[in-house]
Amino acid sequence: MKIIESITEMQKLSQEMRLKGQSIGFVPTMGFLHEGHLTLINNARKENDVVVVSIFVNPLQFGPNEDFGSYPRDIERDQKLAQNAGVDVLFNPSTDGMYRGTTMSASIQVKERVDVLCGKKREGHFDGVATVVSKLFNIVLPHRAYFGMKDAQQVAVIHGLIEDFNIPVQLVPIETIREEDGLAKSSRNVYLSSQERNEAPVLYKSLVRGKQAIEEGERDPEKIKSMIIENITSETTAKIDYVDIYSYPELKPLTVISGKVIIALAIKFTKARLIDNISFDV
Ligand code: AMP
């Protein structure tokens, strides 16, 4: 496995691989790899000649009071995991390399699908995501890029970005990988206390109950939301950030639940903000 920190070196290698006719599968991450990331990598491995994984904790997508400084990092462990997963190139650029200091002369502003869910709570977050993903696409020049549905709003935003800017990359969404008890795997789960870790499976269980109620005929989004909120507040110490139901991937509000929908939630434990969602056809 090649480890590349230089942007020009990565771009040159990608150009060479393309000239040789090799297909490039790309998995962008912020590191501290877990089975969710490894599943994205496995899918990329199956469908491409070469797999490139990036590890970059992107300062642009963190708000001033968020966890950029304390985000878990362990590059040596990540290198081993990536190597064992059959990654060909690990791209690990520096912040200075990516942003040449702190200012950019142009930026991307996402206009749709961001006034809801995490976008409402994390101002500028998806502008930061869209900017870094665009830069990474231009450096890695992938044919396919793999993103997890754990971050379903991110998938929706990148979907829009690719369409709007005619980016020649195929977006491949991958289902959320979970612990045995249903908790979505996340680098931030290490922040949970043992009591919070015991409570955390309630998040997914309540999403599943919401889905079941819809399958049994309930069509009022407010009733489903109240049921989930009641579930979480009675069974955990978590503070609810949001519980919402929207159309997917448009993320438009619904008065009657129908079509392809997403139930998404974000909650705060003492040190960790966790998100989860479930999407399905009604
Ligand atoms: P992150 O390092 O958290 O930015 O995640 C990098 C990629 O891995 C994103 O596309 C995430 O959606 C995806 N990902 C993170 N956790 C999971 C999971 N539990 N299952 C599937 N994909 C995931």
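Residue numbers run from 1 in the order of the sequence given. One-based numbering, in listed order, for ligands and for the atoms of each. Below, all heavy atoms of this structure are taken into account, side chains as well, without hydrogens, waters or symmetry copies. From a predicted model like this one, the values you see are computed outputs, not experimental measurements.
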Which of Gln22, Lys2, Arg45 passes side-chain hydrogen bond (donor to acceptor under 3.5 Å, both in side chains) with Asp88? Answer is Arg45

Q. Counting N and O atoms only, with roles assigned by atom type, does the side chain of Asn277 sit under 3.5 Å from a partner on the main chain of Lys150, one being a donor and the other an acceptor?
A. yes

Worksheet entry | Donor-acceptor contact present, side-chain Asn92 to main-chain Ile55, <3.5 Å | yes

Protein contact of [atom] - nearest heavy atom, named by residue and atom, plus distance:
{"atom": "atom 4 (O) of ligand 1", "answer": "Met30 CG, 3.6 Å"}
{"atom": "atom 1 (P) of ligand 1", "answer": "His37 NE2, 3.6 Å"}
{"atom": "atom 11 (C) of ligand 1", "answer": "Asp151 OD2, 3.1 Å"}
{"atom": "atom 20 (N) of ligand 1", "answer": "Ile177 N, 2.8 Å"}

Under a 3.5 Å cutoff, is there a donor and acceptor pairing between the side chains of Asn198 and Gln195?
no

*Give the ring-plane orientation class for Tyr99 versus Phe56, where under 30° counts as parallel, over 60° as perpendicular and anything between as tilted.*
tilted

With heavy-atom distances below 4.0 Å as the criterion, list the atoms of ligand 1 near [X].
{"X": "His34", "value": "15 (C), 16 (N), 17 (C)"}
{"X": "Phe147", "value": "10 (O)"}
{"X": "Leu40", "value": "7 (C), 8 (O), 10 (O), 13 (C), 22 (N)"}
{"X": "Lys185", "value": "16 (N), 17 (C), 18 (C), 19 (N)"}

Between Arg113 and Gly160, the two heavy atoms sitting closest are NH1-N, 3.9 Å

Note: Pro28, heavy atoms under 4.0 Å from ligand 1, region reported as backbone

Worksheet entry | ligand 1 N/O within reach of Gly148 N/O, cut-off under 3.5 Å | yes

Original post:
So, are Arg188 and Asp67 salt-bridged, with charged N and O less than 4.0 Å apart?
Top reply: yes

